[in-house]
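Notes follow the structure.
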Amino acid sequence: MRHILSILIENEPGALSRVVGLFSARGYNIDALSVAPTEDASLSRLSVVTTGSPSQMEQMTKQLNKLIEVVKVTDLTESRYVERELMLVKVRAVGKDRDEMLRMAEIYRGSIVDVTDKTYTIEVTGTTDKLNTFLESIQSSLILETVRTGASGIGRGERILRI
Amino acid sequence: MQISGAQILVQSLQAEGVEYVFGYPGGAVLEIYDAMFQQDKFKHILVRHEQAAVHAADAYSRSSQKVGVALVTSGPGATNAVTGIATAHLDSVPLVVISGQVGTPAIGSDAFQEVDMLGITRPCVKHNFLVTDVRDLATTVKKAFVIAQSGRPGPVVIDVPKDVTQALAKFHYPEEVFIRSYQPVSKGHTGQIKKAMQVLAGAKRPMIYFGGGVVLGNASQELIEFVQLLGAPCTGTLMGLGAYPSTHSQFVGMLGMHGTYEANLATQNCDVIIAIGARFDDRVISVPSKFTDAPKKIIHIDVDPSSIAKRVPVDVPIVGDVKQVLREMIQLWKEKSYVLNPSHLEKWWQTIEAWRAKDCMYFEHDEASQIIKPQFVVQTLARLTDNDAIITSDVGQHQMYAAQYYPFMRPRQWLNSGGLGTMGVGLPYAMGAKVAHPDATVACITGEGSIQMNIQELSTCQQYKLPIKVINLNNGYLGMVRQWQEFYYSDRYSESYMDSLPDFVKLAEAYGHVGMRIEKSSDVEGALKEALAMKDRLVFMDFITDKKQNVFPMVGNGKGLDEMVLPPHMVQDAERYEADFREYDTRSVP
Ligand SMILES: Cc1ncc(C[n+]2csc(CCOP(=O)(O)OP(=O)(O)O)c2C)c(N)n1
């Protein structure tokens with residue numbers, strides 16, 4: 001099962017590599033990772049997308065909690081949450097494909113952030129799932145380059161992760 | 001007044017009450033060595049290899065309950081220390097390892113003697129620090145000591161660049177440090193403790209299973225009281241030996257890969273097991289599914305939440321300090337006047353006694369042939385030292401004989417590498433133990449393979465006059481490897497034969513010690529007596545033992561605890577053994 005772990009860590013050099021190292025040392029995969037400082041500059045927040053059985057997730061969470069610099073860990077997918085990922089896609093846009101690309105971008109509420117006479121660069125945000133669907137619905141031979149941030153998530157409503 | 005980083009480091013160690021630092025100098029730590037030279041609050045022990053410095057500090061900690069401290073230089077000094085650090089990590093030993101580092105401006109430039117110590121040790125430490133500002137040094141040392149010995153203990157590395165040791169700052173050693181992200185739990189959940197005692201009180205075939213956590217948590221007294229209060233059988237892991245006195249009748253022996261017949265069968269066939277500071281390691285229960293195949297309720301106490309339910313599903317998890325939790329359990333058991341059902345308990349003990357009567361530890365001791373059985377050497381040593389010596393061991397068959405045939409009576413009497421299984425620990429462990437307990441008899445039970453992995457430390461023993469008794473059970477083979485090759489590789493002894501062994505007697509003498517070679521079983525006792533009487537000399541005893549002796553019983557790869565390979569005298573009894581299972585087949589019990 002796919003999970004999004006949200007982790008608060010001390011904003012210190014080396015802390016991120018400890019988290020990443022833990023995943024590789026225990027043979028778990030990281031599907032996506034995003035990290036940035038929070039409103040409290042001494043803390044960073046990580047979102048890790050991973051897959052695992054319930055017992056694997058339990059073990060992973062416990063191991064993460066064991067790291068000295070980890071302040072809090074939560075598995076967002078255990079209850080209601082909002083998830084967003086940002087993607088930039090550069091596509092070939094010539095002739096009739098140019099209109100087609102514009103239409104697709106509109107359907108997915110994307111915006112064109114760069115234009116040349118042969119290409120468009122489209123920015124799309126949404127769940128990882130939505131971004132995947134977007135890529136599937138445009139002709140793959142027209143995709144020149146994609147770059148994605150990996151999912152970030154936050155609990156819905158009153159559910160707050162902070163110290 | 002401002003003092004140098006090196007002086008800050010030294011004064012911080014003094015503030016921690018450190019008595020011994022085990023180490024080896026080098027360019028990156030010269031400043032620290034100079035600062036140490038100018039003080040006399042703690043002593044430095046100069047080893048001959050950094051691996052031994054860390055092992056010795058580790059054993060010093062294991063035997064004394066203090067934090068062990070090792071000091072090594074950057075680069076090769078640091079990498080040499082890694083095996084020691086990993087060894088301490090897997091056995092949760094509180095250590096502070098200080099490594100020198102190249103100056104901060106050179107970090108990352110592939111400078112002379114530079115390695116990324118943080119990167120190299122990250123997977124095998126509890127935590128590590130790189131100090132880049134001299135003003136952080138004292139606080140970092142304090143944090144390192146706090147982290148090393150609290151919660152589940154473990155090694156902490158402090159990497160100190162040379163310029164930081166030279167820079168000046170004011171010295172202030174904090175009394176306390178607050179680490180907001182590190183708050184280990186010590187008090188167990190009261191509701192869970194209640195539930196655990198209820199489950200236990202309802203047991204028909206209870207089993208108490210303790211591990212190294214009881215030793216580390218100094219909870220031996222509580223364990224003894226708890227076991228005797230219940231009247232139930234108990235078994236210990238390799239790391240737990242000594243936490244409960246081995247000669248007491250309620251102790252059914254060590255369990256696991258080379259555990260006793262009675263301990264393994266009882267552990268497999270119990271209906272409630274309470275694990276106390278033990279973690280169901282693969283060397284203990286082998287395959288988890290086979291272990292839980294015979295249904296049982298599992299109660300698990302551990303200070304480290306990640307150890308709980310890692311290998312087996314647990315019915316009642318209790319996160320907390322074993323000493324505190326055991327105290328609460330004892331109190332509750334008494335308050336509620338719980339008793340185990342006497343008739344069930346009696347039947348359970350009868351079954352166990354019948355298993356015990358098979359005497360799985362019996363070995364053939366043939367007077368006529370004069371062949372020395374390794375077990376006999378250990379047994380004789382135990383008798384001559386009144387089960388009271390501090391025993392260290394290396395890794396291999398001799399380690400298992402030591403565990404099986406030396407009855408450990410108290411915690412911290414038995415020092416060995418259980419988790420990493422590091423050959424070469426034996427002699428440095430004996431050094432650390434001897435330094436901590438100068439008046440105790442310290443014996444290192446080793447093999448000719450293992451001892452050669454850190455034999456240079458005989459020189460350290462000479463420098464510091466450490467009168468250790470080295471018991472080399474010399475079978476001419478990497479015995480444990482040979483045993484596996486015999487069992488699983490059709491006797492293809494690939495590279496398990498030790499050719500060109502040194503003359504250990506001469507070697508010991510070359511280092512200024514006493515050497516003895518013992519070739520006849522009738523000489524074993526005399527030699528040991530003589531060696532033990534030489535209180536102020538290191539004696540290296542080279543016992544030429546039976547080359548083909550194997551360790552029994554043995555739970556092979558992928559087998560259940562009730563599928564042991566039995567010693568020859570029991571194999572003749574094999575049919576009875578089968579019958580035992582049928583008679584006591586708990587797999588049909590709901
Ligand atoms: C550093 C290290 N290398 C290899 C091993 C694998 N190993 C485990 S036991 C053993 C043989 C030990 O031989 P010896 O010390 O002679 O003891 P014996 O088994 O003969 O008693 C080996 C090679 C190990 N545990 N540690």
Side-chain angles (χ1 to χ4, degrees), chain A residues 3 5-30 33 35 37-46 48 50 52-75 78 160-163, chain B residues 86 89-90 92 104 107-108 116-133 136 140 143-144 146-148 150-159 177-185 279 288-289 300 302-314 317 319:
Chain A
H3 295 262
L5 298 182
S6 212
I7 306 167
L8 280 180
I9 54 170
E10 298 287 351
N11 191 3
E12 278 169 11
L16 178 63
S17 66
R18 251 182 253 282
V19 172
V20 175
L22 185 70
F23 276 81
S24 64
R26 305 250 160 202
Y28 295 105
N29 196 35
I30 293 181
L33 171 74
V35 54
T38 64
E39 71 287 354
D40 172 350
S42 70
L43 287 173
S44 289
R45 180 147 168 168
L46 261 82
V48 181
T50 184
S53 65
S55 65
Q56 283 174 324
M57 293 316 297
E58 185 187 329
Q59 187 53 221
M60 204 59 237
T61 315
K62 283 176 172 173
Q63 292 293 346
L64 284 166
N65 269 313
K66 231 165 103 171
L67 295 178
I68 308 289
E69 284 133 334
V70 167
V71 184
K72 256 188 185 164
V73 181
T74 177
D75 184 348
E78 270 176 358
I160 286 163
L161 179 69
R162 67 160 182 235
I163 49 171
Chain B
H89 181 58
L90 276 196
S92 311
T104 41
I107 289 180
D116 172 10
M117 186 59 166
L118 286 205
I120 283 184
T121 59
R122 192 171 295 127
C124 59
V125 289
K126 184 168 175 189
H127 195 60
N128 56 19
F129 296 95
L130 168 66
V131 183
T132 49
D133 186 334
D136 297 338
T140 305
K143 281 187 185 168
V146 167
I147 293 170
S150 54
R152 178 178 182 171
V156 179
V157 166
I158 312 175
D159 203 27
V177 280
F178 174 70
I179 310 170
R180 71 174 163 188
S181 50
Y182 178 69
Q183 312 287 337
V185 182
R279 57 193 175 96
S289 60
H300 192 174
D302 206 299
V303 73
D304 174 8
S306 72
S307 282
I308 296 180
K310 180 158 72 177
R311 302 237 323 137
V312 292
V314 169
V319 178

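Lettering follows sequence order; numbering is per chain, from 1. When reading the values below, keep in mind they use all heavy atoms of this one structure, side chains included, and skip hydrogens, waters and symmetry mates.
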**Complete:** Between Ser181(B) and Val71(A), the two heavy atoms sitting closest are CB-CG2, 3.7 Å
**Shortest non-hydrogen contact from Ala309(B) toward Glu58(A)** = CB-OE2, 4.2 Å
**Residue among Gly21(A), Ser42(A), Ser55(A) with most heavy-atom pairs under 4.5 Å to chain B** = Ser42(A)
**Request:** Please state whether the side chain, the backbone, both or neither of Ile308(B) comes within less than 4.5 Å of a heavy atom of chain A.
**Result:** both
**Asked** Considering only heavy atoms, which portion of Asn128(B) lies under 4.5 Å from any heavy atom of chain A: side chain, backbone, both, or neither?
**Response** both
**Message:** Please evaluate residues Val319(B) and Lys62(A) with respect to the criterion side chain to side chain contact (heavy atoms under 4.5 Å, CB included), reporting the C-alpha separation (whole Å), side-chain torsions for both, the decisive distance (0.1 Å), and the verdict.
**Reply:** CA-CA 12 Å; Val319(B) 178; Lys62(A) 283 176 172 173; over 6 Å; no
**Message:** Nearest 0.5 angstrom please: Tyr182(B) OH to Glu10(A) CD, how far?
**Reply:** 14.5 Å
**Message:** Test side chain to side chain contact (heavy atoms under 4.5 Å, CB included) on Lys126(B) and Lys66(A); report intermediate values, then the result.
**Reply:** CA-CA 9 Å; Lys126(B) 184 168 175 189; Lys66(A) 231 165 103 171; over 6 Å; no
**Request:** Using the test side-chain contact (heavy atoms from CB on, under 4.5 Å), find all partners of Asp116(B) that sit at least two apart in sequence or belong to another chain.
**Result:** Leu118(B)
**Request:** Identify, with sequence neighbours excluded, every residue that meets side-chain hydrogen bond (donor to acceptor under 3.5 Å, both in side chains) alongside Ser6(A).
**Result:** Arg45(A)
**Item:** Ile163(A) versus chain B, the contacting section by heavy-atom distance below 4.5 Å
**Value:** side chain
**Item:** Residue part contacting chain B, namely of Glu69(A), when any heavy atom lies under 4.5 Å
**Value:** both
**Message:** Counting heavy-atom pairs closer than 4.5 Å to chain A, which one of Leu130(B), Ile179(B), Thr132(B), Asp304(B) comes out on top?
**Reply:** Asp304(B)
